[in-house]
Amino acid sequence: MQQLKINGGHRLVGEVRASGAKNAALPILAAGLLTAEDLVLHNVPDLADVRTMLQLLEGMGVRVDRKGTDVTLNAGAIVSTKAPYELVKTMRASVLTLCPLVTRFGHAEVSLPGGCAIGARPVDQHIKGLKQLGADVEIKEGYVVARAGRLQGTRIVTDMVTVTGTENLVMAAVLAEGRTVIENAALEPEVVDLCNCLNAMGAKIEGIGTSRLTVEGVDVLHGAEHTVIADRIEAGSFFVAAVVTQGDILVTHCEPHHMEAVLDKLREAGAQLDIGRDWVRVRMTGRPKPVSVRTVPHPGFPTDMQAQFMTMNCFAEGTASVTETIFENRFMHVPELMRLGARISIDGHTAMVEGVPSLTGATIMATDLRASASLVIAALAAKGSSTVDRIYHLDRGYERMEEKLRSLGADIVRVRA
Ligand code: EPZ
């Protein structure tokens, strides 16, 4: 088991480059199944979840050529339409292969993802929409087994805003017969990036970036070349690290217009922001002001930044509330932060955070991806040394995090426990 050893109290200063967005790369890699031609991708982050998705695709017969952040896929000779439990249980986004497989090959056998630390995270909306498009779908021995002739376009209204649900259903619709309208579609930049990539492949999607997507089905999709957008959550995590260490960080190759809600909250906390076309500089002197947040679908404050802002509020001059409306169990970083001396009380979906002048290092345990980032950030600003355990959670969504933090002046090393 690997751990991160951190000696806190160092101001983070310098420049760091945002990687490609995990949550855009994963659906776009799955979209490679939709064509027999090469899908040439750039800015694909080197993450555990991306490696798992590539392994899953290779197991189906997709040819994968990877050089650094460039990945070329070719699904011209698929040998299997099965996503096995052994891989799906480690990466829920494997469910994004379900609809591409059904709409192109008429068959898919994808393991149900199973539980997740932050919530039950069912995929009922993915299944409901696929059935509405004409597929026969049943759950057999923990697998979603779907069969279909050519899917038939229809109108779908998802019961709630679902990011991968929207992505899966768009990928089903692009090769369906006729028109599909998806209402209540997710607006996340990663959904937009997938739709732009699909249109580059010859799909006909309109309303991109709105909650009403209209897809005219086509008979075949061709290859394309696409650059994945920057990771707004990785960038946001570095911004919070700059605030709590009273540092000065320039994040380059990011997309400020994808992060407006987070940037507004950083200003509210008293950070000084300079914003360019593809860069953001965050400077902080003194303790942050308390900033209450409530997670909602994009363009509101993102749930994937909730844990990081909980950490920031631990150091604030005052009390703030943090309300999580998307997932039912996304406060597991709270007891770990309290081991560092944080003062947090939870009442249902809301945590009240009473800021303290400083936290004290300790051994803490990562429980899920964004919680692990919030613990690393807290340890960077805490007095003394901390050990963060189970950092495989961090590696799922952050590319070389400790290297990037060291380049900013952090005292952090990865050790094998
Ligand atoms: C995506 O998960 C992201 N993952 C998550 O990022 C992110 O937190 C989440 O969207 C919300 O923004 C990827 O894109 C790979 P949802 P997803 O479907 O699509 C319920 C990270 O840290 N729901 O938008 O699984 C669900 O339980 C990860 O990078 C159903 O009930 O989230 C949740 O309460 C964590 N039935 C809510 O909707 C369904 O069929 C939103 O979930 C689908 C979802």
Side-chain angles (χ1 to χ4, degrees), residues 19-31 45 47-50 52-53 56 88 90-99 110 112-132 137 139 144 156-172 182 184-194 211 228-229 231-237 258-259 261-262 295-308 324-330 332-333 349 366-374 393-399:
S19 298
K22 167 177 84 81
N23 290 349
L26 293 174
I28 288 171
L29 289 169
L47 301 170
D49 275 7
V50 166
T52 302
M53 179 63 87
L56 183 63
V88 175
T90 66
M91 207 257 309
R92 335 175 27 77
S94 309
V95 73
L96 286 164
T97 58
L98 173 66
C99 289
V110 174
L112 278 168
C116 162
I118 64 177
R121 300 182 71 184
V123 290
D124 56 293
Q125 300 297 306
H126 305 232
I127 293 169
K128 186 185 101 173
L130 191 51
K131 283 181 174 173
Q132 284 180 266
V137 185
I139 307 295
V144 179
I156 298 169
V157 186
T158 55
D159 296 352
M160 80 292 294
V161 174
T162 160
V163 172
T164 51
T166 301
E167 291 166 345
N168 233 338
L169 295 174
V170 165
M171 289 194 279
I182 301 172
N184 207 14
L187 307 178
E188 273 67 5
E190 295 77 24
V191 178
V192 170
D193 202 29
L194 169 67
S211 61
V228 174
I229 57 170
D231 196 315
R232 61 192 168 100
I233 305 301
E234 182 202 24
S237 304
H258 290 168
M259 304 186 268
V262 169
T295 66
V296 290
H298 194 77
F301 188 86
T303 176
D304 291 348
M305 284 298 300
Q306 178 259 106
Q308 299 90 318
E324 173 59 52
T325 74
I326 306 293
F327 292 111
E328 62 268 30
N329 185 33
R330 203 169 196 178
M332 286 176 300
H333 39 288
H349 290 276
T367 51
D368 59 270
L369 169 53
R370 305 304 172 184
S372 48
S374 75
H393 290 291
L394 191 75
D395 295 334
R396 296 190 50 186
Y398 290 90
E399 188 176 11

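Just so you know, ligand 1 is whichever comes first in the structure, and atom 1 is the first atom listed for that ligand.
Scanning R330, R92, R370, K22 for the heavy atom closest to atom 35 (C) of ligand 1 points to R330. Nearest residue to atom 12 (O) of ligand 1 from V161, L194, V163 is V163 (criterion: closest heavy atom).
The ligand atoms of ligand 1 that sit less than 4.0 angstrom from a heavy atom of H126 are 40 (O). Atom numbering of ligand 1 starts at 1 in the shown order; those under 4.0 Å from a heavy atom of Q125 are 36 (N), 39 (C), 40 (O). For ligand 1 and L369, the ligand atoms under 4.0 Å from any heavy atom of the residue are 21 (C), 22 (O), 29 (O). Close contacts of ligand 1 with P122, meaning ligand atoms under 4.0 Å from a residue heavy atom, involve 27 (O), 30 (C), 31 (O), 36 (N), 39 (C), 40 (O), 43 (C), 44 (C).
For the pair R370 and T303, the minimum side-chain heavy-atom distance is 4.5 Å or more. Between R232 and P189, the closest side-chain pair of non-hydrogen atoms falls below 4.5 Å. With a 4.5 Å cut-off on side-chain heavy atoms, M53 and L56 count as touching. Within the 4.5 Å cutoff, no side-chain heavy atoms of E234 are placed close to those of P45. Put simply, the side chain of L112 reaches to within 4.5 Å of the side chain of I139, judged on heavy atoms. Contact check for F301 versus T325: no side-chain heavy atoms found under the 4.5 Å cut-off.
In this structure, OG1 in T166 is found 6.5 Å from CD1 in I182, a value given to the nearest 0.5 Å.
Ionic pairing of E399 and K22 is not present here: no N-O contact between side-chain nitrogen and carboxylate oxygen is shorter than 4.0 angstrom. Salt-bridge formation is not detected for the pair R92/D49: no Lys NZ or Arg NE/NH1/NH2 atom is positioned less than 4.0 Å from an Asp or Glu carboxylate oxygen.
Scanning the protein heavy atoms around atom 18 (O) of ligand 1, the nearest turns out to be T162 OG1, 2.7 Å. Summary of contacts: the protein heavy atom closest to atom 15 (C) of ligand 1 is N23 OD1, 3.4 Å. For atom 5 (C) of ligand 1, the closest non-hydrogen atom of the protein is D304 OD2, 3.9 Å. Protein heavy atom in closest approach to atom 33 (C) of ligand 1: I326 O, 3.4 Å. For atom 25 (O) of ligand 1, the nearest protein heavy atom (residue, atom name, distance) is R121 NH2, 3.0 Å. Looking only at heavy atoms of the protein, atom 9 (C) of ligand 1 is closest to F327 CZ, 3.9 Å.
When only interatomic distances are considered, the shortest N/O to N/O separation between D124 and ligand 1 falls below 3.5 Å. Between M160 and ligand 1, no pair of N/O atoms sits closer than 3.5 Å. At a 3.5 angstrom cut-off on N or O pairs, E167 does not count as close to ligand 1.
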* To do: Go through S237 and Q308 one step at a time and tell me if the side chain to side chain donor-acceptor pair (under 3.5 Å) criterion holds.
  => CA-CA 6 Å; S237 304; Q308 299 90 318; 3.1 Å; yes
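Contacts between T164 and ligand 1, counted as non-hydrogen atom pairs separated by less than 4.0 Å, involve both the backbone and the side chain. By the criterion of a heavy-atom distance under 4.0 Å, the side chain of T303, and not its backbone, is placed next to ligand 1.
A side-chain N or O of Q306 and one of H333 form a donor-acceptor pair less than 3.5 Å apart.
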